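Here's the structure, in structure tokens; my notes come after.
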Amino acid sequence: MVAEDQVCTFFDQPSSFSRDEKAEQAISTLDVDRVSELHVDCHKGLSLVLLALRDLGHVRTQIIEHTNSARLSGNPKQTNVTSHFTVSFGL
């Protein structure tokens, strides 16, 4: 399964870190109930992916990469930071 969803924090980089931690925790634990708390483009899409994976049984989740637009642009003072996660799910 391949899915894409952006974690849109639209805050400065330091503020985005705590929001990213919430996103990483929810995704890593397949916690559908916490999706509504996240700043993502598509709550329903992320919920659907996590529900489908959870229904498969024991799924291993690995955050392969995590970055954000401030890091990618080299502008740590950027005020509208969008985060990006690359996640692997396996049985």
Side-chain angles (χ1 to χ4, degrees):
M1 178 184 298
V2 176
E4 186 275 330
D5 202 354
Q6 292 184 30
V7 179
C8 298
T9 55
F10 298 113
F11 297 96
D12 59 12
Q13 185 166 313
S15 300
S16 72
F17 290 137
S18 66
R19 288 168 175 79
D20 289 354
E21 287 176 9
K22 289 180 182 181
E24 187 171 337
Q25 180 70 23
I27 293 167
S28 294
T29 60
L30 307 178
D31 190 348
V32 177
D33 296 328
R34 295 188 61 195
V35 170
S36 63
E37 302 169 14
L38 305 179
H39 296 267
V40 297
D41 283 348
C42 184
H43 290 96
K44 289 180 182 181
L46 181 56
S47 294
L48 178 65
V49 168
L50 297 182
L51 281 170
L53 291 165
R54 195 171 68 183
D55 286 349
L56 290 173
H58 180 70
V59 174
R60 292 184 323 271
T61 305
Q62 179 182 5
I63 305 293
I64 296 171
E65 184 178 17
H66 168 227
T67 192
N68 63 45
S69 55
R71 285 185 199 141
L72 292 172
S73 70
N75 180 7
K77 295 183 181 185
Q78 183 178 337
T79 57
N80 57 343
V81 176
T82 299
S83 296
H84 308 274
F85 289 87
T86 303
V87 185
S88 170
F89 301 98
L91 298 175

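Here the structure is a predicted model, which means the values were calculated and not measured.
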Look up atom CG in Asp31 and atom OG in Ser47, then write down how far apart they are to the nearest 0.5 Å.
-> 10.0 Å
Quick one: salt bridge (Lys or Arg N to Asp or Glu O under 4.0 Å) partners of Arg34, sequence neighbours excluded?
-> Glu37
Rounded to the nearest 0.5 Å, the CD1 atom of Ile64 sits from the CZ atom of Phe85 at a distance of 13.0 Å
Closest non-hydrogen atoms of Asp20 and His66, given as atom of the first, atom of the second and distance, are OD2-NE2, 2.9 Å
Honestly curious: do Ile63 and Phe17 fall in one hydrophobic cluster under the side-chain, below-4.5 Å linking rule?
-> no
Side-chain touch Phe89/Ile27, heavy atoms, less than 4.5 angstrom | yes
Supply the atom-to-atom distance Glu21 CD to Ser83 OG, rounded to the nearest 0.5 angstrom.
-> 11.0 Å
Write down the atom of Arg54, the atom of Val32, and the distance for their closest heavy-atom approach.
-> NH1-CG2, 4.0 Å
Following the transitive rule for hydrophobic clusters with a side-chain heavy-atom cut-off under 4.5 Å over Ile, Leu, Val, Met, Phe, Trp and Tyr, establish whether Leu91 and Leu50 coincide in one cluster.
-> yes
How would you list, by chain and number, every residue that makes a side chain to side chain contact (heavy atoms under 4.5 Å, CB included) with Ser73, sequence neighbours excluded?
-> Asn75, Gln78
Does Leu56 share a hydrophobic cluster with Val49, counting links as ILVMFWY side-chain heavy atoms below 4.5 Å and allowing steps through other members?
-> yes
Rounded to the nearest 0.5 Å, what's the gap from OG1 on Thr61 to CD on Glu24? Could you check?
-> 11.0 Å
State, to 0.1 Å, how close Val59 and Leu53 come at their nearest heavy-atom pair, and which atoms those are.
-> CG2-O, 3.1 Å
Work out which heavy atom in Leu38 is nearest to a heavy atom in His43; give both atom names and the distance.
-> O-NE2, 2.7 Å
Looking only at heavy atoms, the pair that brings His84 and Asn68 closest together is CD2-CA, 4.2 Å
